[in-house]
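Just so we're on the same page: letters track the sequence lines, and every chain starts at 1. Note that the structure is a prediction, hence the values are computed from the model and not measured.
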Amino acid sequence: DTAVSQTPKYLVTQMGNDKSIKCEQNLGHDTMYWYKQDSKKFLKIMFSYNNKELIINETVPNRFSPKSPDKAHLNLHINSLELGDSAVYFCASSQEGLAGTEQFFGPGTRLTVL
Amino acid sequence: QKEVEQNSGPLSVPEGAIASLNCTYSDRGSQSFFWYRQYSGKSPELIMSIYSNGDKEDGRFTAQLNKASQYVSLLIRDSQPSDSATYLCAVIGSGGGADGLTFGKGTHLIIQP
């Protein structure tokens with residue numbers, strides 16, 4: 001009955017590889033997000049998707065691309081991985097107009113680029 | 001540039017005392033304000049939300065908002081060792097919820113038994 005789930009939990013890969021992280025929410029929310037938490041623990045928004053439409057893109061390199069096959073899923077594809085991409089990536093979801101815009105986070109994916 | 005500022009700490013509080021965490025934000029049009037708790041190696045967990053000026057209480061937690069001063073605070077009464085964590089202040093700015101949350105860098109709280 002997990003509300004927001006992500007796979008994989010850990011991802012270790014070589015520079016230059018392409019990888020994907022999957023996110024699913026069963027809360028019926030209409031907006032999903034990807035956040036990056038760097039080594040200094042600073043959490044920053046990367047993308048948000050509302051009804052399959054990209055709302056924002058906060059100066060994220062175009063090597064990162066979100067893909068939303070339906071309202072319950074928002075996957076993150078990363079091409080040509082770089083050392084600086086190592087971080088924890090969190091997926092989140094919210095519902096506009098329902099108890100404000102509270103966002104609920106997935107467990108995170110720790111990406112290590114070697 | 002939207003910014004949220006917090007004292008990084010660590011803030012050390014004796015067990016049973018009141019822990020007071022503070023946050024300021026730069027976007028005067030900000031609409032919604034949140035406190036998340038994050039244990040090491042875990043995801044942020046929402047503990048309080050506040051949308052209008054004044055106080056909002058939930059159990060041992062009280063959130064306070066002063067939009068004129070662009071200031072948000074969180075009080076934790078009867079602090080327990082299990083409250084030891086990093087507390088993240090987060091704001092939804094004037095652009096609305098679809099812009100995502102702007103987080104502060106967090107305050108590391110230590111409750112001393």
Side-chain angles (χ1 to χ4, degrees), chain A residues 2-6 9-10 21 23 25 27 29-60 66 68 74 87-110, chain B residues 1-10 23 25 27 29-53 56 58 61 63 65 67 72 85-109:
Chain A
T2 304
V4 183
S5 59
Q6 293 178 230
K9 188 171 174 65
Y10 300 96
I21 305 172
C23 177
Q25 56 95 3
L27 297 167
H29 287 169
D30 63 3
T31 306
M32 296 182 71
Y33 311 82
W34 278 105
Y35 289 84
K36 178 181 180 181
Q37 189 167 43
D38 60 25
S39 57
K40 295 183 178 179
K41 308 299 183 187
F42 187 40
L43 199 56
K44 192 170 181 182
I45 183 74
M46 298 177 70
F47 301 104
S48 84
Y49 251 76
N50 184 311
N51 291 324
K52 302 177 97 171
E53 184 178 355
L54 178 65
I55 302 295
I56 60 167
N57 181 335
E58 282 284 324
T59 64
V60 173
S68 182
L74 182 65
V88 181
Y89 292 84
F90 289 102
C91 177
S93 71
S94 71
Q95 176 67 37
E96 285 287 324
L98 213 139
T101 48
E102 296 173 348
Q103 293 185 21
F104 298 91
F105 284 76
T109 296
R110 182 175 292 278
Chain B
Q1 181 77 7
K2 294 179 286 188
E3 291 184 350
V4 176
E5 300 287 341
Q6 293 181 255
N7 188 326
S8 61
C23 168
Y25 58 94
D27 182 353
S30 295
Q31 306 172 6
S32 309
F33 308 87
F34 306 90
W35 284 98
Y36 284 83
R37 177 175 64 199
Q38 188 174 27
Y39 294 112
S40 181
K42 301 295 186 183
S43 61
E45 174 193 6
L46 180 66
I47 54 171
M48 288 290 287
S49 58
I50 187 165
Y51 306 103
S52 54
N53 281 329
K56 178 182 178 183
D58 184 0
F61 299 97
L65 173 61
K67 289 185 178 179
V72 195
T86 297
Y87 287 80
L88 301 168
C89 176
V91 173
I92 289 178
S94 49
D99 280 357
L101 293 165
T102 299
F103 281 90
K105 294 189 176 181
T107 297
H108 183 41
L109 176 65

Are the side chain of B:K105 and the backbone N or O of B:V4 linked by a donor-acceptor pair below 3.5 Å? no

Sequence neighbours excluded, the answer for side chain to side chain donor-acceptor pair (under 3.5 Å) partners of B:S94 is B:D27

Which atoms of B:K42 come close to chain A, meaning under 4.5 Å heavy atom to heavy atom: side chain ones, backbone ones, both, or neither? backbone

Portion of B:E45 that has a non-hydrogen atom of chain A nearer than 4.5 angstrom: neither

Please flag which part of A:F105 lies under 4.5 Å from any non-hydrogen atom of chain B: side chain, backbone, both or neither. both

Donor-acceptor pair, side chain of A:Q6 and main chain of A:Y89, under 3.5 angstrom: yes

Measure distances from B:L46 to the heavy atoms of chain A and classify the residue's part below 4.5 Å as side chain, backbone, both or neither. side chain

For the residue pair A:Y35 and B:F103, categorise the inter-ring angle as parallel (less than 30°), tilted (30 to 60°) or perpendicular (more than 60°). perpendicular

